[in-house]
Number of protein chains: 2
Amino acid sequence: MSFDLDATATARLRSAGQRYTTQRRQLIELLADAGSPVSIPDILAGGSGLKQSSVYRNLAALEQAGVVRRLVTDEEFGRYELAEDLIGHHHHLVCSRCGKMRDVDVPQDLERTLERALDRIAKRAGFARVSHRLDLLGLCADCAAEVGTDTTRA
Amino acid sequence: MSFDLDATATARLRSAGQRYTTQRRQLIELLADAGSPVSIPDILAGGSGLKQSSVYRNLAALEQAGVVRRLVTDEEFGRYELAEDLIGHHHHLVCSRCGKMRDVDVPQDLERTLERALDRIAKRAGFARVSHRLDLLGLCADCAAEVGTDTTRA
DNA sequence: CTTCCTGCAAAAGTTTTGCATTAAC
DNA sequence: GTTAATGCAAAACTTTTGCAGGAAG
């Protein structure tokens, strides 16, 4: 984990009146190492020994402190990544079969075009716009291969 | 409800081996009338008398038949709208405070630009691309007004 | 030493399921 | 008539919470 990340996490937690405990450091490390969004079942099953209620509470604390972000997925459980200002604005490739997510960047100029257009649209709709969310939905290479073979979900 | 919609729903359900019952017609009507995504609590509380388990089962059946679509939100419950090929490709304005969603169109040319760029990105990532999802997150006019006044969620 | 965090177990929320009855075809 | 849909209640699942004990500052 980079020194910056550690220091930033400490600072943000402190200013939210919270401590940078071993478990929280562990969670942040885990998310940083994964490099793509991680689900709570993954975390709980991951041999880290982290306890269910603590994971939920700590992710909530880290989210409130602005260190992590909870993503919205079509799965039935939560998925988290480091906050956008820590890892940069990006989007996700989502596999509609296995649910796995992968980070992806879109070209700068498309991003700018998008921003401008969305600002106009939001303004017209009386919306105080904060951000956008753009996901690509499809089949990851693994699932595309399996779909040819098996019938789990034609 | 338009004649087309009714006929389409019947056809799609039949070819999935399912019946077009009163409740299913009611749900489709409800979604069509709403004109924006409707949550399951909304449906259950809406005086329709529809029962919880039936609503869940019928929305699942309708989704599998390709008549409705379940949306992904940051709320803790499901939200549905009519299938995209019935109401057209569009995106959503989402209020991060009250969760309400509103349909919104983006300009044709932006949509095309986006499509082309995303196809390239998906291909590069080894993804068999199916579609994209673009949401605008912000504060709806109502919530923007209230935030000035109250402190529920600064 | 004071405050917050942790863990266990139990509760709360949404969604799913078993089974007898009713409706669709 | 046969098969699928409905309603009720109970289960399953993720997430939240109460409370006693332990760690952080």
With a cut-off of less than 4.0 Å, is there a side-chain N or O of [X] near OP1 or OP2 of [N]?
X       : N      : answer
A:Thr21 : D:dA23 : no
B:Arg70 : C:dT15 : yes
B:Thr22 : C:dA24 : yes

Expressed in angstrom and rounded to an integer, what is the separation of [X] atom [atom1] from [N] atom [atom2]?
X       : N      : atom1 : atom2 : result
A:Glu75 : D:dT15 : CD    : P     : 10 Å
B:Glu76 : D:dT16 : CD    : P     : 9 Å
B:Phe77 : D:dT14 : CZ    : C1'   : 15 Å
A:Gln18 : C:dT6  : CD    : P     : 10 Å
B:Arg25 : D:dT6  : CZ    : P     : 12 Å
B:Leu44 : C:dT14 : CG    : P     : 10 Å
B:Arg24 : C:dT22 : CZ    : P     : 19 Å
B:Gln64 : D:dA5  : CD    : P     : 11 Å

At less than 3.5 Å, do the side-chain atoms of B:Arg19 and the base atoms of C:dC25 form a donor-acceptor pair?
no
Intermediate values then yes/no, side-chain contact (heavy atoms from CB on, under 4.5 Å), A:Leu59 and A:Ile43:
CA-CA 11 Å; A:Leu59 287 173; A:Ile43 297 175; 4.1 Å; yes
Hits for salt bridge (charged side-chain N to carboxylate O under 4.0 Å, His left out) against B:Asp103, two or more places apart or cross-chain, chain-then-number order -> none
For the residue pair A:Glu115 / A:His89, report whether a side-chain donor-acceptor contact shorter than 3.5 Å exists.
no
Side-chain donor or acceptor of A:Ser96 paired with backbone N/O of A:Gly138 under 3.5 Å
yes
Sorted by number, the residues of residues 49-60 of chain A with heavy-atom contact under 4.0 Å to DNA chain C
A:Lys51, A:Ser53, A:Ser54, A:Arg57, A:Asn58
Row check, A:Tyr20 ring normal vs A:Arg25 NZ/CZ: under 6.0 Å, within 45°
yes
If you pin B:Pro41 and B:Arg14 to their nearest nucleotides in DNA chain C, which one's is more 5'?
B:Pro41
Where B:Ala32 and B:Leu5 come nearest, the two heavy atoms and their spacing
CB-CD2, 3.9 Å
Please determine which of A:His91, A:Arg116, A:His90 meets the side-chain hydrogen bond (donor to acceptor under 3.5 Å, both in side chains) test together with A:Glu111.
A:His91
